[in-house]
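Here the structure is laid out as structure tokens; the discussion comes afterwards.
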Number of protein chains: 4
Amino acid sequence: MQFNENTPIYLQIVRAIKEKIALGELASGDKFPSVRDIASEFRVNPNTVSRSTQILEQEGIIYSKRGIGSFIVEDDKMIGDMRNQMAKDHCQSFIKNMDRLGFSRQEALEILTEVYDGKH
Amino acid sequence: MQFNENTPIYLQIVRAIKEKIALGELASGDKFPSVRDIASEFRVNPNTVSRSTQILEQEGIIYSKRGIGSFIVEDDKMIGDMRNQMAKDHCQSFIKNMDRLGFSRQEALEILTEVYDGKH
Amino acid sequence: MQFNENTPIYLQIVRAIKEKIALGELASGDKFPSVRDIASEFRVNPNTVSRSTQILEQEGIIYSKRGIGSFIVEDDKMIGDMRNQMAKDHCQSFIKNMDRLGFSRQEALEILTEVYDGKH
Amino acid sequence: MQFNENTPIYLQIVRAIKEKIALGELASGDKFPSVRDIASEFRVNPNTVSRSTQILEQEGIIYSKRGIGSFIVEDDKMIGDMRNQMAKDHCQSFIKNMDRLGFSRQEALEILTEVYDGKH
DNA sequence: GTGGTCTAGACCACA
DNA sequence: GTGGTCTAGACCACA
């Protein structure tokens, strides 16, 4: 057991941006905010944000036009896939957690349903 | 959005211990490992572990006898409740995450089912 | 009979602060003195005070805002309840003490009345 | 405000013995247990107990016969007075505590009555 | 500056 | 040995 293997900030930012894109808050084809803007929004160092945008670019979610800035990819399928992948990741975590507590698939789904029902 | 609100080590230890109890690896009524043993197992300072065990005691999961050691409570219902509460907490997180991605309850359950089925 | 189960400093501080709040010396909604200020007032280590304020926070009597400080809860009912609880605790101790000396309720009340009347 | 001015053990023992005498567990005229017996009963150092018995002797509650041991005074009035004095001391503490919380005599008595009533 | 976390190390009562 | 308390001092995120 190791402690304090915390998710680094640049990955937390990657996820936060992906969520905005997934929800259309940052729309397909739009200009992507500048590193400086993101840095001031999240109150972090611009270098940290650069690291995040590099990852987003590697994953093909944004691309940069030299001298103009970055843009969100105009590929709705890709963005949809990304959103689905994020959802699956959350599912994997959920399953792993319930498993570690010894809950079977059926039990996990029952409890989840209860919690959904208790949420109005 | 705030970053680096890292779960402190003492709470990570609390959770790790609760999981062991929930699964019966540490059984009801058993002697609980000493603060110093846990500290050396997890390579942390005994004071940090002490903080964890005091939380577990506040929550009624263990109790300590001065000069002897700590023990896991002999109350299977309480331990069952604890396990259920941990499960519900994981459900809440899951729901919150899927919600933030814009997935409805039905969609979330479908994706979860797919992932359970191993379609990934 | 056990001796020297001394009330720890951090609990003595909790009580001292509660009394100040109960009496309105620290008023509802006010900024709460900083951990370091209390520590130097009471000549104890800041960590000790921190432990006290965390208890007060758990009990819902103060709340802290990261980077700003702690505040007394703006809930006069809660503060009134706290004051009543403290009073009841003193009553419990009194009753227990008189009981241990073999005084009935009526006898205890008679003596208490005498002492209130200043016949001593 | 000073902390940790804890009642020293020898005074805690004085009070414990007085309570036993007040209740007749140690009867008027009886032989008083030896310093060693008391020390082992309370698990403290015999020197500490000596200090306690000296106080009891000064207060005229026990007396020693050279070579034989100590005895509880055969003076029921004195013992009754002692018991009353202890009761009054508890009353004084109670009044001081309720006063510090800002409760008037009448309020204090009302709350005390409630707590007595809630005690069955 | 503010509260929160963690460590190293000491001392204590109890068994 | 066991848990509990306290200190000194460091570092952190947040404002």
Side-chain angles (χ1 to χ4, degrees), chain A residues 2-4 6-9 12-13 39-45 48, chain B residues 1-14 17 30-40 42-58 62-72, chain C residues 1-14 17 30-40 42-58 62-72, chain D residues 3-4 6-9 12 39-45 48:
Chain A
Q2 299 292 13
F3 292 111
N4 258 3
N6 293 294
T7 306
I9 294 180
Q12 294 179 49
I13 292 175
S40 86
E41 179 191 347
F42 289 148
R43 309 241 186 154
V44 294
N45 192 296
T48 304
Chain B
M1 178 76 74
Q2 301 296 9
F3 294 110
N4 262 8
E5 298 204 349
N6 296 329
T7 304
I9 295 177
Y10 71 91
L11 287 182
Q12 296 179 47
I13 293 175
V14 165
I17 292 173
D30 275 9
K31 177 124 180 30
F32 192 73
S34 82
V35 164
R36 288 159 173 96
D37 283 353
I38 299 175
S40 85
F42 289 150
R43 305 280 192 104
V44 294
N45 188 285
N47 281 332
T48 302
V49 177
S50 195
R51 200 166 171 182
S52 305
T53 56
Q54 277 166 31
I55 289 176
L56 290 167
E57 189 160 8
Q58 274 172 23
I62 65 175
Y63 60 92
S64 36
K65 288 188 182 170
R66 175 92 152 220
I68 301 185
S70 297
F71 299 83
I72 298 156
Chain C
M1 177 78 73
Q2 302 297 10
F3 294 109
N4 260 10
E5 298 206 348
N6 294 329
T7 304
I9 295 177
Y10 71 89
L11 287 182
Q12 296 180 47
I13 293 175
V14 165
I17 292 173
D30 274 9
K31 177 125 181 27
F32 193 73
S34 81
V35 164
R36 287 159 172 96
D37 282 353
I38 299 175
S40 85
F42 289 149
R43 305 281 192 104
V44 294
N45 189 285
N47 281 331
T48 303
V49 177
S50 194
R51 199 165 172 183
S52 306
T53 56
Q54 278 166 31
I55 290 176
L56 290 167
E57 189 160 8
Q58 274 172 22
I62 65 175
Y63 60 93
S64 36
K65 288 188 182 169
R66 177 93 154 220
I68 301 185
S70 297
F71 298 83
I72 298 155
Chain D
F3 292 111
N4 259 3
N6 293 294
T7 307
I9 294 181
Q12 294 179 49
S40 87
E41 179 190 348
F42 290 148
R43 308 239 187 156
V44 295
N45 191 295
T48 303

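No hydrogens, no waters, no symmetry mates; every other heavy atom, side chains included, goes into these values. Letters A, B, ... are given to chains in the order of the sequence lines, protein chains preceding strands, and every chain is numbered from 1.
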Just how far is it from atom [atom1] of [X] to atom [atom2] of [Y], taken to the nearest 0.5 Å?
X: C/Arg36; Y: C/Asn45; atom1: CZ; atom2: CG; result: 11.0 Å
X: C/Ser52; Y: C/Ile38; atom1: OG; atom2: CD1; result: 8.0 Å
X: C/Gln54; Y: C/Ile62; atom1: CD; atom2: CD1; result: 9.0 Å
X: B/Gln58; Y: B/Thr53; atom1: CD; atom2: OG1; result: 10.0 Å

- Task: Under the side chain to side chain contact (heavy atoms under 4.5 Å, CB included) rule, collect the residues that match up with C/Lys65, sequence neighbours excluded.
- Result: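 Side chain to side chain contact (heavy atoms under 4.5 Å, CB included) check on C/Lys65 returns C/Tyr63, C/Ile68, C/Phe71.
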- Item | A/Phe42: which of A/Ile9, A/Ile13, A/Thr48 passes side-chain contact (heavy atoms from CB on, under 4.5 Å) |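 Testing each of A/Ile9, A/Ile13, A/Thr48 against A/Phe42, the sole residue satisfying side-chain contact (heavy atoms from CB on, under 4.5 Å) is A/Ile13.
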Within this structure, what is the [atom1]-to-[atom2] distance between [X] and [N], rounded to whole angstrom?
X: B/Ile13; N: E/dT5; atom1: CD1; atom2: C1'; value: 12 Å
X: C/Arg66; N: E/dG4; atom1: CZ; atom2: P; value: 8 Å
X: A/Gln12; N: F/dA13; atom1: CD; atom2: C1'; value: 12 Å
X: B/Phe32; N: F/dG3; atom1: CZ; atom2: C1'; value: 12 Å
X: B/Glu57; N: F/dT2; atom1: CD; atom2: C1'; value: 13 Å
X: B/Lys65; N: F/dG3; atom1: NZ; atom2: P; value: 13 Å
X: D/Ile9; N: E/dA13; atom1: CD1; atom2: P; value: 7 Å
X: C/Asn47; N: E/dA8; atom1: CG; atom2: C1'; value: 12 Å

- For DNA chain E, whose closest nucleotide is more 5', that of C/Gly69 or that of C/Ser50?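 First, find each residue's nearest nucleotide; the 5'-ward one identifies C/Gly69.
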- Would you mind telling me which residue lines up with the more 5' stretch of DNA chain E, C/Gly67 or B/Asn45, judged by nearest nucleotide?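 Looking at DNA chain E, the more 5' nearest nucleotide goes with C/Gly67.
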- Query: For C/Asn47, which residues count as a side-chain hydrogen bond (donor to acceptor under 3.5 Å, both in side chains) partner, sequence neighbours excluded?
  - Reply: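 Scan of C/Asn47 (side-chain hydrogen bond (donor to acceptor under 3.5 Å, both in side chains), adjacent residues dropped) gives none.
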Would you please confirm or rule out a distance under 4.0 Å between OP1 or OP2 of [N] and any side-chain N or O of [X]?
X: B/Ser34; N: F/dG1; result: no
X: C/Tyr10; N: F/dC6; result: no
X: C/Arg51; N: F/dT5; result: yes
X: B/Ser64; N: F/dG4; result: yes
X: B/Thr48; N: E/dT7; result: yes

- Item | Per B/Thr53 side chain, nearest of listed nucleotides F/dG4, E/dC6, F/dT5 |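 Taking heavy atoms from C-beta onward, the closest nucleotide is F/dG4.
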- Under 4.0 Å between any heavy atoms, over every strand shown, what does B/Arg36 touch: base, sugar-phosphate, or nothing? Just pick one.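 The residue B/Arg36 makes base contact.
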- DNA chain E: stems of at least 3 consecutive Watson-Crick or G-U pairs, cut-off 3.5 Å?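 In DNA chain E, stems of three or more pairs: E:1-14 with F:1-14.
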